Amino acid sequence: AATDAGGAGANAPTSAAESPTSPALPPQQQLDELEQTLADLEESMEDEEEDADDDDEACEDVAVYHTICPASLLAANMADDQPIYGSSISERQLSESLSARPVSKAAAPRRAPIGRPRVANAVGGALSGLAASAGRLVSRRLDRCELMSAAPPTPATMCATLFQTGTTSKLEPWLQSIADGFGSAGVDGALAVFDQHLAECTAAEAERPSTYIMVSEVLYECGAHGAICADVLFNVLEAKLPNTQVCRVVAYHLLSYGAFDDAVALLELVRDTLAPAEPHSYTDLAFARLHRLRDAHDPPADRIRVEMALVVADLSNVLVGTQWADRFREIEWPVLVLLSWAVAWAEHRLGAAAEGASLWPEEQLPAAVFRLGGEAGPQLDVFVWLGWDTDHTDVDLHVKEPTGEEVNFNHSISSTTGAHISRDFTGGYGPEVYTLPKAPTGKYRVETNYFSSHQASSATGSTSAVVWAIKDMGRFESETLHFSSVRLTGHMQRQEVLVIDCARTGKAALP
């Protein structure tokens, strides 16, 4: 102490709070005060956490109000006060009414942040059930003969589904070698080439999800059975703990390959654990459930009711369940179109069994105000829904009409067909929606434009744009649901996703 007083400590600067005349505290008292300060700090932090939890609970307990897009819902030339589909509700009334609906406490998703260990445990448990039967690529060779002899699935309620990745002439050399191997020796030839590539490439490339995603796409384009493509795809889930985008892109591919149960299970994981605070987790799952139900051969009434209860719950949650982040603003009205159509289709399938027990969520969304098209649902020749799997991303929907007009975010109303494209989403996951009540004869070319992205997609190697297209929407005897996707890798990349051919009868035909 004496050395400090006469040495460096004597020349050290002092503050007003620590003047030379201030008496020094005994060491024990200094320790006691330090401990008390730490205790006070911990208590303060706990109080802040409790306040944050209270705020989250308050978001569930009090009314949180939504807004809905006031733009045209289905017909671009419809006046604001003109009733929709002959019902008593106009677009302005719809906007005002839905914006005044309180959030349902029961439907609100979890808002609290999820700890990483908890996520890892949930993902691991869920994926173990999904991928337990998939195994690594080499370990499934014994099952391939059976798969190769089986006829490819041809879903009855959808047209041909294809992942648009370009022709084989545009493939990277190693992928072209796999395509050539398939051409010369079938699936075994292609997988032998892939095994050789895995043995020669770097460890990082062998573990990269995009490696297996691209191979599964090439196999599917070459004509491999969907089950084999799904088998290759499951390696993505085994390579490393997947994130939200990886799970979504795998689920989209599984839908394309006809593996509906696995796709639904994976999207349930996204909704419940990985991204419960994103409305697209609910719409993706609702679409997948509905796609699976429509593909089922003559499902019993009980199954339709059970599945539709889940679909309705997810879509209702998007509409009145919670307050979403601002980048998801105005997702509500496309979801209301989707909900109205899905319920109308299910009640049509149920027929007499649906009488007296409507599937519509009357308590949350009174049908007289919110059910578009009434019990018949929306009636459209063409309905296109574009979404994507990378957050903070802008992908634009473009539709080239046979009249020569191109409808997009910058020209959202067609003067020749009356079609309309919804709000331009410049962040989040979309959707951008094209609605055409009466389609003139000709071909409608649906394209996507990868305008910008502010989030890395290195794990999957691209942003996947997904398109749901419905022809003859609401005319259930001829209605067709189509799902397709395109991988977007370059800035301002323009890609044709599908072509809708409208016959002279005014009805749309998908390839």
Side-chain angles (χ1 to χ4, degrees), residues 126-127 130-131 134 153 155 158-166 209-221 224 226-237 242-271 274-275 278-292 294-295 314 338 384-391 393 395 397 428-432 446 448 450 453 455 457 459-470 481-489 493 495 497-498:
L127 294 184
L130 267 176
M158 58 178 292
C159 292
T161 303
L162 177 65
F163 261 79
Q164 305 282 339
T165 56
S210 58
T211 299
Y212 301 92
I213 292 171
M214 290 187 290
V215 170
S216 74
E217 291 173 351
V218 169
L219 290 175
Y220 193 69
E221 284 191 349
I228 292 177
C229 302
D231 181 32
V232 173
L233 200 59
F234 272 115
N235 286 275
V236 173
L237 305 179
N243 59 24
T244 301
Q245 189 204 6
V246 169
C247 287
R248 280 179 173 147
V249 73
V250 170
Y252 297 153
H253 282 68
L254 291 172
L255 286 173
S256 180
Y257 302 156
F260 297 118
D261 291 341
D262 289 337
V264 167
L266 201 53
L267 291 172
E268 284 179 335
L269 171 65
V270 172
R271 181 200 62 183
L274 296 178
E278 296 177 352
H280 303 77
S281 300
Y282 300 81
T283 57
D284 278 349
L285 183 54
F287 259 129
R289 288 189 187 280
L290 189 62
H291 200 14
R292 178 175 66 177
R294 290 172 62 97
D295 185 66
D314 279 337
L338 176 57
V384 179
W385 174 299
L386 166 68
W388 48 91
D389 66 350
T390 309
D391 200 0
T393 297
V395 180
L397 175 62
Y429 307 91
E432 295 190 9
V446 179
T448 60
Y450 188 27
S453 179
Q455 178 166 310
S457 55
T460 60
S462 66
T463 288
S464 291
V466 294
V467 173
W468 298 88
I470 303 168
L481 174 65
H482 175 89
F483 173 81
S484 58
S485 180
V486 58
R487 296 175 61 248
L488 305 174
T489 58
Q493 177 184 345
Q495 177 74 48
V497 182
L498 59 90

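Bear in mind that the values here come from a model prediction, so they are computed numbers and not experimental data.
- Considering only heavy atoms from C-beta on, Phe234 comes within 4.5 Å of Asp262 through its side chain.
- Leu290 CG to Thr283 OG1: the interatomic distance, rounded to the nearest 0.5 Å, is 12.5 Å.
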Candidate pair Thr448 and Trp388, rule side-chain contact (heavy atoms from CB on, under 4.5 Å), full reasoning: CA-CA 10 Å; Thr448 60; Trp388 48 91; over 6 Å; no

Val270/Asp284 under side-chain contact (heavy atoms from CB on, under 4.5 Å): CA gap, chis, key distance, verdict: CA-CA 10 Å; Val270 172; Asp284 278 349; over 6 Å; no

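- Residues Leu386 and Val466 fail the side-chain proximity criterion, which asks for heavy atoms closer than 4.5 Å.
- Of all heavy-atom pairs between Glu432 and Leu397, the closest is OE1-N, 3.1 Å.
- For the residue pair Leu233 and Tyr212, the shortest heavy atom distance occurs at CD1-O, 4.5 Å.
- A perpendicular orientation is assigned to the rings of His291 and Trp468, their planes being inclined by more than 60° (bins at 30° and 60°).
- Counting only heavy atoms from C-beta outward, the side chains of Phe287 and Leu338 approach each other to under 4.5 Å.
- When atom types are taken as modelled, the side chain of Asp295 and the backbone of Arg292 share no donor-acceptor pair closer than 3.5 angstrom.
- Of all heavy-atom pairs spanning Ala469 and Leu498, the tightest one is CB-CD2, 4.1 Å.
- Note that CD of Glu217 is 10.0 Å distant from OG of Ser210, once rounded to the nearest 0.5 Å.
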Candidate pair Leu255 and Phe260, rule side-chain contact (heavy atoms from CB on, under 4.5 Å), full reasoning: CA-CA 5 Å; Leu255 286 173; Phe260 297 118; 3.7 Å; yes

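- Taking each heavy atom of Val264 and Leu285 in turn, the nearest pair found is O-CD1, 3.7 Å.
- A tilted orientation is assigned to the rings of Phe483 and Tyr252, their planes being inclined by 30° to 60°.
- In this structure Ser281 satisfies the side chain to side chain donor-acceptor pair (under 3.5 Å) test together with Arg248, sequence neighbours excluded.
- Remark: Ser216 pairs with Tyr257 by the side chain to side chain donor-acceptor pair (under 3.5 Å) rule, at least two apart or across chains.
- A distance of 4.5 Å separates CG of Leu274 from CG of Leu269, quoted to the nearest 0.5 Å.
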